[in-house]
Amino acid sequence: MPRLDTTPVSAAKLSSPTSRHELRALPDMGPQDDIDDEGAPPQIYRDDENASIHDAESAILISPSEASDQEYYSAQEPYYARKYIPTRLQQAWDKVVIWVKGPQPPRPWKIHPFFPKIQTAPIRFINNYFPKRKHKILLLVFFYGCWLLSFGLVLHRSAFAADIPGYGSPVRVRCTDRFWNDGNDCGINGDLCRPFANVTMPFRCPANCRRVQLLNPHAVGDQEVNYRPLVIGGPTDERETLKNTYYRGDSFICGAAIHAGFIGDASGGCGVVKQIGEKSNFPSVNRKHVNSIAFDSYFPKSFTFLPGTQARCRDLRWPLLGVSLTFTILLSLFTTSPAVFFPSIFIGIFFHVALASDPPNLTDYYAIVSIALGRFLPASFCMYAVYKFAVRRQLQGLHAQVEKTILWLGGCWIGALNNYTFDKIPIERLTPHDIKNQPGAIPALIIVVLSLFAIALGQAWAFRVEGRLPKYLAIYGILVAGVLALVAVPKMNLRIHHYILGLLLVPGTAMQNRPSLLWQGILIGLFINGIARWGFDSILQTPNELRGDAPIGSLLPLITAPIIHNNFGLATLKPNITFDFHLPFPKSYDGLSILVNDVERYHEYEERMQNSWTWVKHMEGVNEYFRFGYLRGSGRGDYTKAGLWGADGSWTDMAPGPSV
């Protein structure tokens, strides 16, 4: 058979003794442990634009006798749209396509460990002292038993506290629990939130309550507070003694206990809180890294903490973290099988987050255990898919035990402890309202977006080197199109929860290089934290779900200037103020609610109302704050901002806009 006389193209040498990655051509892009590419002959490397038919080893000419005997027809020239595209644009596009396809042959990433004798020492130890498979299995079972026993004993001591002498078993309270509800939820004169005084309650606060803050504007008199702990009041004497410390009844109990120095933030604590009735002039005090809110008037319910009742109960999340860290590090160092390493790490960290470091905000610990088990099964199915398509490709054949522990496992813990790591970023929720109003949110968002963009570029370049960039561009193109389609759904809001962020981005880490080890660990940790703490919240949520306790945008009452009788110097007549109403009310509203000092003092419907209402000053020498809101059946609309009846008898009109 005749052949072209061709000269073989010399192979470009790629040997580089200092390279940390082996450049090799594999037809199967999956992980292959048993291939040792070190010392292999150098491969011919070229980009697609350098390839031509003359690069082949030989070209075969087929003689006419070997050709097909079918009749030859001249094909009609097909229609090409390319002839209408400028040549320069075609050439630019061809170069982009060639570049995206990457080098030929592709070069899969392979981590060669630094100090290999040190990093493989744990593997040699296991192989020397436990050479048989059954020995390794028994050792692993014993390891799991020690892990479970250690974690369970510390968790039991952390979750269930002993009785407080003279007061009984403490009640588990959440970081946001209060003795008073917002708006008119405590009813007229606060009767639904009685008793106001002479009541004690043993309580137990979890750790890390200091970081819990308001996410929507909250009215305290004529103030609108947000993005800070709801703690109103504090010590009233210069020595800041606990005896002279009290807080308004709608303050966070645990936040107030931390502010008073009664318990610590790092480990929580137990004690006894006492409700002491009406108090006035709540000061603003900055102590224990909590800046409390001032209120210069009276409130019917306040509370303090009884000195000497602190009990020896602690939230042992930090000792539990030590237990979990120890066992996960040992497992990472002494195992090489991804099928053993990944499920063990996932299960251990998931239950650590769900039961210890960031459990759901519930008071019944058995309910917390039930919720954790309910969320674990669907999370496991998600992690199986992640393991099959991303984790196994990255960890298969990896013997850099120390680097895997530092980068992958360390990143996973960083993501799983999101409430101590990324929660420090001043973006509570990725909504336009929060980004606009939360201090520092816009610069933080810019930094986050730029960081993600830089990481994405690095991962895209790494995929190009492996020759897999076109495939992943198609995958993420479909994902982006799906997200844009969800954005277009009417009357719904897109919420990219951090568990969704982890699932969306983790496919982009399916390669074996050091940056991908770190990014994959962080993303899986974020997924674990999101599911263990919050569950599978929907990617689409209604405006009401996102609003929470924020104003709903309802119509506000029109209140004219009141008639004030200060009656200064008249002992028999107290100061009073009268408000006139505009009847009838707008359509769909049938009543009016009035708050005085954030307590409902008037609640009446249109058919039983008079044209005015008079309020007699409750306490002389202090300011009083009035807010007005329409009633709609058993519900209510937004309240106005507060109008001020000053201690000097003056009146200050309400500022425009709603309040909560």
Side-chain angles (χ1 to χ4, degrees), residues 176-197 213-226 228-234 246-253 255-256 275-284 292-303 548-552 554 556-557 559 562 577 579 591-604 613 615-619 621-631 635-647 651-655 657-660:
T176 56
D177 281 346
R178 303 179 289 160
F179 289 119
W180 196 273
N181 299 323
D182 293 334
N184 64 345
D185 290 347
C186 281
I188 192 77
N189 299 321
D191 289 341
L192 299 180
C193 293
R194 288 182 178 272
F196 295 159
Q213 58 186 5
L214 296 166
L215 299 181
N216 289 307
H218 185 88
V220 179
D222 60 348
Q223 306 173 73
E224 291 282 334
V225 295
N226 200 4
R228 60 187 298 185
L230 183 58
V231 177
I232 307 169
Y246 55 84
Y247 298 90
R248 213 172 87 157
D250 55 347
S251 299
F252 292 156
I253 298 172
Q275 300 177 44
I276 55 176
E278 183 176 274
K279 290 288 184 179
S280 61
N281 295 317
F282 299 84
S284 173
S292 66
I293 303 163
F295 182 62
D296 59 359
S297 192
Y298 58 88
F299 198 79
K301 189 172 191 173
S302 56
F303 63 88
D549 57 357
I552 62 177
S554 64
L556 299 175
I559 305 298
I577 185 170
F579 296 93
L592 190 70
S593 171
I594 303 177
L595 306 183
V596 181
N597 285 359
D598 306 320
V599 179
E600 188 175 47
R601 300 296 186 177
Y602 182 80
H603 186 110
E604 196 57 88
W613 174 71
W615 168 257
V616 178
K617 188 176 263 303
H618 177 72
M619 181 182 295
V622 298
N623 296 329
E624 288 186 326
Y625 302 93
F626 296 80
R627 295 191 288 144
F628 304 82
Y630 284 127
L631 298 175
R636 64 168 178 85
D638 294 328
Y639 284 102
T640 64
K641 294 187 183 301
L644 169 62
W645 186 15
W651 171 256
T652 302
D653 285 331
M654 291 82 70
S659 66
V660 175

Next on the checklist: According to side chain to side chain donor-acceptor pair (under 3.5 Å), who are the partners of R194, at least two apart in sequence or on a separate chain?
Outcome noted: D191
Next on the checklist: Could you check whether any side-chain N or O of S292 sits under 3.5 Å from a backbone N or O of G234, counting only pairs where one atom can act as donor and the other as acceptor?
Outcome noted: no
Checklist entry - Among all residues two or more places apart in sequence or in another chain, which pass the ring-ring contact (aromatic ring centres under 6.0 Å, His included) test with H618? => result Y298
Next on the checklist: Do I594 and W613 make a side-chain contact, defined as non-hydrogen atoms from C-beta onward lying under 4.5 Å apart?
Outcome noted: yes
Checklist entry - Which residues pass the side chain to side chain donor-acceptor pair (under 3.5 Å) test with Q223, sequence neighbours left out? => result none
Checklist outcome for this item: Sorted by chain and residue number, the side chain to side chain contact (heavy atoms under 4.5 Å, CB included) partners of P557 (sequence neighbours excluded) come out as I559, L592, F628, Y630, T640
Next on the checklist: Does the structure place the NZ or CZ of K617 under 6.0 Å from the centre of the six-membered ring of W645, at an angle of no more than 45° from the ring's axis?
Outcome noted: yes
Checklist entry - Do F179 and F303 have ring centres separated by under 6.0 Å? => result yes
Item to check | Verdict with supporting geometry, I293 and R228, side-chain contact (heavy atoms from CB on, under 4.5 Å) | outcome: CA-CA 9 Å; I293 303 163; R228 60 187 298 185; 3.7 Å; yes
Next on the checklist: Are F299 and I232 packed together at the side-chain level, in the sense that at least one heavy-atom pair is separated by less than 4.5 angstrom?
Outcome noted: no
Checklist entry - Does R627 have any salt bridge (Lys or Arg N to Asp or Glu O under 4.0 Å) partners at least two apart in sequence or in another chain, and if so, which? => result D598
Enumerate, atom names and distances included, each donor-acceptor pair closer than 3.5 Å involving a side-chain atom of residues 181-190, sequence neighbours excluded.
{"from": "D182", "atom 1": "OD1", "to": "R178", "atom 2": "NH1", "distance (Å)": "3.1"}
{"from": "D182", "atom 1": "OD1", "to": "R178", "atom 2": "NH2", "distance (Å)": "3.0"}
{"from": "D182", "atom 1": "OD2", "to": "R178", "atom 2": "NH2", "distance (Å)": "3.4"}
{"from": "N184", "atom 1": "OD1", "to": "R636", "atom 2": "NE", "distance (Å)": "3.1"}
{"from": "N184", "atom 1": "ND2", "to": "E600", "atom 2": "OE2", "distance (Å)": "3.4"}
{"from": "N189", "atom 1": "OD1", "to": "R601", "atom 2": "NH1", "distance (Å)": "3.1"}

Next on the checklist: Is the ring pair W180/F196 parallel, tilted or perpendicular, if the boundaries are 30 and 60 degrees?
Outcome noted: tilted
Checklist entry - Does the side-chain hydrogen bond (donor to acceptor under 3.5 Å, both in side chains) test come out yes or no for S593 and Y639, once each step is laid out? => result CA-CA 8 Å; S593 171; Y639 284 102; 2.7 Å; yes
Checklist outcome for this item: Smallest heavy-atom separation, A197 atom then G277 atom, equals CB-N, 3.5 Å
Next on the checklist: Before you tell me yes or no, could you show the steps for V596 and Y625 under side-chain contact (heavy atoms from CB on, under 4.5 Å), namely the whole-Å CA-CA distance, both residues' side-chain angles and the distance that decides it to 0.1 Å?
Outcome noted: CA-CA 5 Å; V596 181; Y625 302 93; over 6 Å; no
Checklist entry - According to the interplanar angle, ranging from 0 to 90°, do the rings of F626 and F579 count as parallel (below 30°), tilted (30 to 60°) or perpendicular (above 60°)? => result tilted
Next on the checklist: Taking salt bridge (Lys or Arg N to Asp or Glu O under 4.0 Å) as the definition, give me every residue that meets it alongside E604, ordered by chain and number, with sequence neighbours left out.
Outcome noted: R608
Next on the checklist: Any heavy-atom pair between the side chains of K301 and E278 that's under 4.5 Å?
Outcome noted: no
Checklist outcome for this item: Taken in chain and number order and not counting sequence neighbours, the residues that satisfy side chain to side chain donor-acceptor pair (under 3.5 Å) with D638 are none
Checklist outcome for this item: For residues 214-225, the salt bridge (charged side-chain N to carboxylate O under 4.0 Å, His left out) pairs (sequence neighbours left out) are E224-K641
Item to check | For T652, all residues meeting side chain to side chain contact (heavy atoms under 4.5 Å, CB included), sequence neighbours excluded | outcome: L644
Checklist outcome for this item: Residues at least two apart in sequence or cross-chain that pass side chain to side chain contact (heavy atoms under 4.5 Å, CB included) with D653, listed by chain then number, are W651
Checklist entry - Which heavy atom in D250 sits nearest to a heavy atom in L230, and how many Å separate them? => result O-CD2, 3.3 Å
Checklist entry - Side chains of N281 and D296: donor-acceptor distance under 3.5 Å anywhere? => result no
Checklist entry - Do you see a donor-acceptor pair shorter than 3.5 Å between the side chains of S297 and N597? => result yes
Checklist entry - Hey, does L556 have a side-chain heavy atom less than 4.5 Å from the side chain of P658? => result yes
Item to check | side chain to side chain contact (heavy atoms under 4.5 Å, CB included) partners of I276, counting only residues at least two apart | outcome: Y246, K274, K279, S302, T304
